[in-house]
Amino acid sequence: MRQLLITSALPYANGHIHIGHLVEYLQTDIWVRFQKMIGNRAVYVCADDTHGTAIMIRARAEGRSEEALIAEMSEAHQRDFAGFGIEFDHYGSTHSEANRAVCHEIWAALRAADMIVEEDIAQLFDTEQGTFLADRFVRGTCPRCGSKDQPGDNCGSCGATYSPVDLVDPVSTLSGSRPEIREAKHLFVRIEKMHDFLAEWTQSGTIPTESANYLKNFFLHEPLRDWDVSRPAPYFGFEIPDSPGNYWYVWFDAPIGYIGATAEWCERQGEKLDDWWRSDRTEVHHFIGKDIQYFHTLFWPAELKTAGFSLPTQVHIHGFLTVDGEKMSKSRGTFIRASKYLEHLDPEYLRYYYATKLSSRVEDLDLNLGEFVARVNSDLVGKVVNLASRTAKFVAESGLSAEYPDDGGLFTRFAERGAEIAAAYENGDYGKAMRMIMELADQANPYVEEKAPWELRKDPAKARELQDACTVALNLFRTLVIYLAPVLPSLARKTGELFGETITSWSQAGTPLTGRPIAKFSHMMQRVDAAKVEAMIAESREEAAAEAPATAPEAKTREDSGDALAANPIAAEIGIEDFLKTDLRVARIVAADEVPEAKKLVKLTLSLGGESRRTVFAGIKSAYAPADLVGRLVVVVANLAPRQMKFGVSEGMIIAAGPGGEDIFLLSPDDGAVPGQRVG
RNA sequence: CGCGGGAUGGAGCAGUCUGGUAGCUCGUCAGGCUCAUAACCUGAAGGCCGUAGGUUCAAAUCCUACUCCCGCAACCA
């Protein structure tokens, strides 16, 4: 019997679970259930990831403590997971004493290994908010080219990279105030010390080949940079014991949460943590998304190795979810929260659909809504459940035959495929497992067809034959359900009830049931109603629109949400003279050309009236077709310094609102404005 | 030459590692059945396996080049 410790990435306490997250938790849950069914000892732990600036800022904005915020989110997360049948053995929080203790332990080991270095860093400090500002919370004027309103780490105009402290006229996006420069001590992990170990470990088969290559090409080909793991107060997190006033960066304590949560589970179960994290006997399996492999395959093993913990046996990495071939989109209604899904649809549908799409490769997974409906209905309802619903009632009185009848080897064939299907589950090739199971299901229905129990029952002399046929069909059905049980726990439970047993073990599939009563049959699974899918999408779209006023023209002024403003607060005050430096002009788009090689850009030719023409590259390709742009009036920043871009020189910038992606909204003057007129 | 993945009947995919009759599900069409949740069964149509070369007795499969698509990275909202 193998002993397995299994984790999914810790969901961040700043947001709700959506169907994209669920790919990972369902993938993990299926694997865990499978392992338990084949008799391995598997423990599935997870926790909320609770620390960091984002949590602190949000708690402040909502006028409550961080603890209150994360408690509420943890509850919401666990409710969503439970709704999808995701069963953790323990669900903790990174904000726990258990986790703090492990952080201390790992920290001490890093110190002992002389892997911690200190360095003073000049950082911007927002005096109004009383906090240091991460790069993304600062904007200002580029020190090199003078472009205004640039991000804190690099200039979007000239491409210069710099530190936020170098910005001319920096502005805090939290308060709009001008931050001051303060020196602060930061602590770094000198991960380069583990370079040789990591180079070997990442190529050892523990992680998918694609990922190993990625790490080799992007990080391990040169010395690894020191990892900044501290943040000065105020910060919501754990204070570093030997560096008062400094806190561990959220990404330091997040993975450690795996161990912290395990420690809590051990405490409750009377187990020893060392049996799970410092033992060759226990395999550690992480399930993560490709976006965070960097943390899990470099820093994490380096820390574990240094502190003498077990290294991950395997890191299972999955891709992202797309819906109908596109990224999840709020405006399209495909950004679907777990709780919203559950209001409309059975979680087993999604469990099955994802299972049919998952493999051991790092691939994105597409939720095609039309296919979703068709697959679930034809596979689960039409093929599998149908076997029971067309035969169970014929044996309601007689029960199953006392001896398993001659079925021409059908059941044996079903049983023999078990090992192969199990291997597919083990390897994470759920799609392959589902295909094999459905292949079997496709053999079962013709059997029923051939035996025609509805004919047999007309002749009392054939009662025995009828009972035998149904015994075969129901046993085939039962075996299929056992194979599907890791994916469809609810169907497995109902099937168990039909047969008067509990489905807990894979080996049950190998032996047919005989001589026992069959419970009254009732529908085990409803067909997917496409209308409900549509309703779910429509509601998601409406709710997203209500949250983001910029994307909801129908929203009236009094209903506008404050989110857009909160997300991007008003900049520092300026005088009229500053504003007048910006020369905004009305311009007419006289030509709009595709820039085929560019992802975001459209090449515009603007007329400022008369013979005056400008070429401007605008990043609006995702929102506007060039043909729709020609002729319309826009507002252009006319005195912006020309900028050399990959595809040509851009001589200005057109003004637009919106968060980006498909949600970009060009500003246009009302009728009557003429190209060349100044906007002021 | 930025990194990676992909291209197989109308749709979604398997098959590619380990060359040897091109397969599955859905959809379509024609029958059948009526036990079953407009479910199920039988049959049919539909593919020169992205393109062009090469290796081989034999290529969807191996090799080379190219084209297109999708992620990620870069590009002014």
Side-chain angles (χ1 to χ4, degrees), chain A residues 147 149-150 154-157 159 209-211 213-214 216-218 290-291 319-320 322 325-327 356-357 359 361-364 366 368 370-375 377-383 385-394 429 431-432 434-436 438-439 441-442 444-458 466 469-470 473 521-529 550 568 595 597-602 604 616-624 636-637 640-641 643-648 650-661 663-667:
Chain A
S147 297
D149 195 32
Q150 295 303 319
N154 67 78
C155 176
S157 182
T209 320
E210 301 97 302
S211 299
N213 292 340
Y214 165 78
K216 195 170 167 185
N217 293 335
F218 279 83
K290 65 182 182 185
D291 50 329
F320 297 142
T322 55
E326 315 225 27
K327 277 190 195 174
T356 65
K357 293 274 186 171
S359 74
R361 306 181 59 185
V362 186
E363 286 180 323
D364 288 353
D366 186 47
N368 180 296
E371 190 199 353
F372 169 75
V373 174
R375 263 237 112 73
N377 285 345
S378 91
D379 288 359
L380 296 183
V381 180
K383 276 180 197 158
V385 174
N386 189 39
L387 281 170
S389 63
R390 65 194 304 202
T391 55
K393 72 174 182 186
F394 296 138
D429 285 322
K432 196 172 184 182
M434 297 306 108
R435 280 195 297 279
M436 289 192 278
M438 288 310 140
E439 231 169 79
D442 280 331
N445 275 303
Y447 172 85
V448 178
E449 204 70 20
E450 191 209 318
K451 291 292 175 185
W454 55 94
E455 293 294 338
L456 296 175
R457 70 163 176 166
K458 291 175 184 166
L466 173 65
C470 293
F521 182 81
S522 56
H523 280 188
M524 292 177 162
M525 185 178 284
Q526 299 302 316
R527 305 177 65 75
V528 185
D529 182 351
N568 192 357
V595 184
E597 319 90 278
K599 185 88 182 240
K600 296 181 181 176
L601 300 178
V602 174
L604 301 177
V616 169
F617 287 91
I620 57 174
K621 190 173 189 171
S622 55
Y624 292 91
V636 62
V637 183
L640 190 67
R643 166 141 194 238
Q644 177 63 48
M645 299 180 63
K646 189 172 172 186
F647 314 107
S650 185
E651 305 165 314
M653 169 175 160
I654 60 172
I655 307 294
D663 297 327
I664 296 173
F665 309 97
L666 286 175
L667 267 62

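Letters A, B, ... mirror the listed sequences (proteins, then strands); counts begin at 1. Quantities reported herein were computed from a predicted structural model and do not represent experimental measurements.
- For the pair A:Lys451 NZ and B:rC41 P, the interatomic distance rounds to 17 Å; values are reported in whole Å.
- A:Met525 comes within contact range of at least one nucleobase, with a heavy-atom separation under 4.0 Å.
- Interatomic distance, NZ of A:Lys393 versus SG of A:Cys470, reported as 10.5 Å (0.5 Å rounding).
- Using N1 to N3 plus N6-O4 or O6-N4 for Watson-Crick, or N1-O2 and O6-N3 for G-U wobble, each under 3.5 Å, B:rU37 pairs with nothing.
- Of the residues listed (A:Val381, A:Asn445, A:Val448), the one engaging A:Asn386 in a side-chain contact (heavy atoms from CB on, under 4.5 Å) is A:Asn445, and it is the only one.
- Distance from the side chain of A:Arg435 is smallest to B:rC13 among B:rA39, B:rC13, B:rU25.
- Summarising the geometry, the separation between CG on A:Asp366 and P on B:rG12 is reported as 9 Å, rounded to the nearest angstrom.
- Rounded to a whole angstrom, the distance from the C1' atom of B:rU18 to that of B:rA59 is 14 Å.
- Comparing B:rC76 with B:rC17, their P atoms are spaced 45 Å from each other, to the whole Å.
- Where A:Arg457 and A:Ile654 meet RNA chain B, the nucleotide closest to each residue was compared, and A:Arg457 sits on the side nearer the 5' end.
- As judged by a 4.0 angstrom heavy-atom cut-off over every strand, A:Val637 is placed among residues making no nucleic acid contact.
- Among the heavy atoms of the strands lying under 4.0 Å from A:Met524 is at least one base atom, whether or not backbone atoms are also near.
- Counting heavy atoms of neighbouring residues, nucleotides and ligands inside a 6.0 Å radius, atom NZ of A:Lys290 exceeds 12 of them.
- Searching all strands for a Watson-Crick or G-U wobble partner of B:rG20 with both distances below 3.5 Å returns B:rC57.
- Note on A:Arg527: a side-chain N or O is less than 4.0 Å away from OP1 or OP2 of B:rA39.
- Rounded to a whole angstrom, the distance from the P atom of B:rG31 to that of B:rG54 is 49 Å.
- Comment: A:Asp366 does not engage A:Lys357 in a salt bridge, judged by the lack of any side-chain N to carboxylate O separation of less than 4.0 angstrom.
- Listed candidates were B:rG71, B:rC24, B:rC40. Nearest to the side chain of A:Asp442 is B:rC24.
- In the set B:rG71, B:rU37, B:rU34, the nucleotide with an atom closest to the side chain of A:Glu455 is B:rU34.
- Side-chain proximity of A:Pro446 to the nucleotides B:rU42, B:rC35, B:rG12 is greatest for B:rU42.
- For the P atoms, the distance linking B:rU64 with B:rC26 amounts to 39 Å, nearest Å.
- Comparing B:rC40, B:rC13, B:rC33 by their closest approach to the side chain of A:Trp454 singles out B:rC33.
- The distance between atom CG of A:Leu456 and atom P of B:rA36, rounded to the nearest whole Å, is 15 Å.
- The phosphate of B:rC26 has neither OP1 nor OP2 within less than 4.0 Å of any side-chain N or O from A:Arg375.
- For B:rC66 and B:rC3, the P atoms lie 13 Å apart once the distance is rounded to whole Å.
- Counting to the nearest Å, the C1' atom of B:rG4 and the CG atom of A:Asp291 are 16 Å from each other.
- Atom CE of A:Met434 and atom CG of A:Leu380 lie 9.5 Å apart (nearest 0.5 Å).
- Rounding to whole angstrom units, NE2 of residue A:His523 and C1' of B:rA36 are separated by 8 Å.
- Distance A:Phe394 CZ to B:rC40 C1': 13 Å, rounded to the nearest Å.
- A:Thr391 places none of its side-chain heavy atoms less than 4.5 Å from the side chain of A:Leu387.
- Contact of A:Glu449 with B:rG32 (side chain to base): a donor-acceptor pair of N or O atoms is detected under 3.5 Å.
- Nucleic acid contact class of A:Asn386 (heavy atoms, under 4.0 Å, all strands): base.
- For A:Asp379, whose side chain is taken as the heavy atoms from C-beta onward, the closest listed nucleotide among B:rG71, B:rC76, B:rU25 is B:rU25.
- With hydrogens and angles ignored, the 3.5 Å screen pairs a side-chain donor or acceptor of A:Asn377 with a backbone N or O of A:Val528.
- Comparing the same atom, P, in B:rC48 and in B:rG5 gives a spacing of 28 Å after rounding to whole Å.
- In this structure, B:rA74 makes no Watson-Crick or G-U wobble pair, since no nucleotide meets both defining distances under 3.5 angstrom.
- At whole-Å resolution of the value, NZ in A:Lys357 and P in B:rU25 are 17 Å apart.
- B:rC40 sits 50 Å from B:rG2 when the P atoms are compared, rounded to a whole Å.
- A:Lys383 has no side-chain polar atom (N or O) that falls below the 4.0 Å cut-off from OP1 or OP2 of B:rA39.
- Mapping A:Gly382 and A:Lys432 onto RNA chain B by nearest heavy atom places A:Lys432 closer to the 5' end of the strand.
- Among the nucleotides B:rC35, B:rC26, B:rC76, the one closest to any side-chain atom of A:Met653 is B:rC76.
- Among the nucleotides B:rC35, B:rU42, B:rU37, the one closest to the side chain of A:Arg390 is B:rC35.
- Here the side chain of A:Ser378 is nearest to one of B:rC76, B:rC26, B:rA36, namely B:rC26.
- Of the nucleotides present, B:rU28 is the one that pairs with B:rA44 by Watson-Crick or G-U wobble criteria, both distances under 3.5 Å.
- Nucleic acid contact for A:Phe320: none, since no nucleic acid atom lies under 4.0 Å from a heavy atom of the residue.
- A:Arg375 and A:Asn368 share no donor-acceptor pair across their side chains, judged by distance under 3.5 Å alone.
- If you measure from atom CE of A:Met434 to atom P of B:rC26, you get 17 Å, rounded to the nearest angstrom.
- Counting heavy atoms from C-beta on, the side chains of A:Thr356 and A:Phe372 never come closer than 4.5 Å.
- Atom C1' of B:rC1 sits at a distance of 16 Å from the matching atom of B:rU67, rounded to the whole Å.
- The nucleotide B:rC68 finds its pairing partner in B:rG6, both defining distances of the Watson-Crick or G-U wobble pair being shorter than 3.5 Å.
- In a base pair of the Watson-Crick type (N1 to N3 plus N6-O4 or O6-N4) or a G-U wobble (N1-O2 and O6-N3), with each distance short of 3.5 Å, B:rC49 is matched with no nucleotide.
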